[in-house]
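This report refers to the structure that appears directly beneath it.
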2 protein chains.
Amino acid sequence: MGATKTDLFTKQQNDIANMAKAIAHPARIAILQYLVKKNACVCGDLVDELGLAQATTSQHLKELKNAGVIQGTIEGVSVCYCINPKVWKQYKELFNSFFKDVSPQGDCC
Amino acid sequence: MGATKTDLFTKQQNDIANMAKAIAHPARIAILQYLVKKNACVCGDLVDELGLAQATTSQHLKELKNAGVIQGTIEGVSVCYCINPKVWKQYKELFNSFFKDVSPQGDCC
DNA sequence: TGTTTGTATCGCAATATTACGATTTAATTT
DNA sequence: AAATTAAATCGTAATATTGCGATACAAACA
C-alpha cells in the first residue's frame, strides 16, 4: 500500500489530479508566477528568487517540465525556461471545466 | 528536511498550493465530481462508487473537509456530505486568476 | 587543454501521503 | 439494554515528496 490506485479512476480524473499535483507546492507556484511575469528565466534566477538550494530548485523545474507546463532550451551555459502556452491553456481549461457550475443554492445538508 | 518550507513563500502562493494539494488525488476528484452530480451523498455511497476501503474513503473525505471544500452534517446514522459552494467559488476564482492571461505568443525560448 | 560557469543528477535523511485492517464512536433499532 | 449500522480514528506498512550537499556533466572561455 502507499501508492495511489490509479486504475480505479478514469483518465480524466487522473489527469486533473496530476495537474493539481504539479502545482501543489508553493515553490512551483512561485516559479510559474515568476515565469508568467518575466516571460523567461534561467535556473539561477529562481535560486535567488525562491531561496531554495540549487538542487531543490532544479528538481522543482524538472517536475514542472515533466508535467509539460514549462519547457527549457539550452542557452549557452544556462537553460532558458518558459511557460508552455499550449499546456498552460489545457490546464486552464481543464480546471475551468472542473469547477464550472456547482448548484448555486448550496444548502444541501 | 522533507517538509515544505512554507515560510519562503507568500500566503497566496501557499494558499494556491494547498488548494491544489486538496484536489491532487484522483479519488478526491472523483468524490467532488460525484458530489457535483448528485448534490449530496453519504460515505457509504462513495465506498461503493470509488472501490476504496471505507477507512481510505473516510480519510479522503476528511482531507476535503479540512480544506473546506466540502461539508458534512449528521443525518441519522450516517453523514451527509456536500460541496461548500462558498469555498468552491473561492477555488474556482483563485485558479482562474492564477491561470488568467499568459503571453499568447509562446515561443519565448 | 584546462578552467570556469550553470544545471542536472545522485544519494541520503526527514517528512508526508496513501491504503487498509482493526477498533472505537455515535446514533438508530430491536 | 443489547444489537445493529455508518462513519471516524488508530496503528502500521508501503510509497512519494521535499530538501540539500556532493558530484557529474556540458558549454563557453582562457
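Predicted model only: the values in this text are computed from it and were never measured.
- Closest approach of B/A40 and B/C80 over heavy atoms only: CB-SG, 3.8 Å.
- With the nearest nucleotide of DNA chain C identified for both A/K65 and B/G76, A/K65 has the one nearer the 5' end.
- The CD atom of A/E63 sits 9 Å away from the C1' atom of D/dT18 (whole-angstrom rounding).
- Among the protein residues, B/A55 comes within range of the nucleic acid bases, having at least one heavy atom under 4.0 Å from a base atom.
- The distance between atom NE2 of A/H60 and atom P of C/dT7, rounded to the nearest whole Å, is 16 Å.
- Between A/H25 and A/H60, the ring-plane angle classifies as tilted under the 30° and 60° cut-offs.
- When each of B/V79, B/L35, B/D48 is tested with B/C41 by the rule side chain to side chain contact (heavy atoms under 4.5 Å, CB included), just one qualifies, namely B/L35.
- Ring-centre distance between B/F98 and A/W88: below the 6.0 Å cut-off.
- Judged by distance alone, the side chains of B/E75 and B/S78 never bring a donor and an acceptor atom under 3.5 Å apart.
- Residues A/D45 and A/A3 each lie close to DNA chain C; by heavy-atom proximity, the contact nearer the 5' end of the strand is made by A/D45.
- Residue-level contact check: B/A53 touches the backbone only, with heavy atoms under 4.0 Å from sugar-phosphate atoms and none from bases.
- Residue-to-nucleotide proximity on DNA chain D shows that, of B/L61 and A/I74, the 5′-proximal contact is made by B/L61.
- Contact annotation for A/K21: backbone-only contact, meaning every heavy-atom pair under 4.0 Å involves sugar-phosphate atoms and none involves a base.
- One atom, CG of A/L52, and another, P of D/dG19, lie 6 Å apart when rounded to the nearest Å.
- Note on B/T4: only backbone sugar-phosphate atoms sit closer than 4.0 angstrom, heavy atoms only; bases stay farther off.
- Between B/K5 atom NZ and C/dT15 atom C1' there is a gap of 14 Å when expressed in whole angstrom units.
- Taking side-chain N and O atoms only, A/Y81 has a distance below 4.0 Å to OP1 or OP2 of C/dA8.
- Across the protein-nucleic acid pair, B/L50 atom CG and C/dC20 atom C1' stand 15 Å apart, rounded to whole Å.
- Scanning atom types as modelled, no donor and acceptor separated by under 3.5 angstrom connect the side chain of A/Q59 and the base of C/dA8.
- As judged by a 4.0 angstrom heavy-atom cut-off over every strand, B/S58 is placed among the base-contacting residues.
- Taking 4.0 angstrom as the limit, A/T56 places none of its side-chain polar atoms (N or O) nearer than this to OP1 or OP2 of D/dT18.
- Atom CG of A/N18 and atom C1' of D/dT17 are 14 Å apart (whole Å).
- When each of A/A24 and A/V77 is assigned the nucleotide of DNA chain D with its nearest heavy atom, A/A24 is the one assigned upstream, toward the 5' end.
- One interatomic measurement links the two molecules: CD of B/E75 to P of C/dT28, which rounds to 10 Å at whole-angstrom precision.
- One can place CG of B/N66 at 11 Å from P of C/dT17, the figure rounded to the nearest angstrom.
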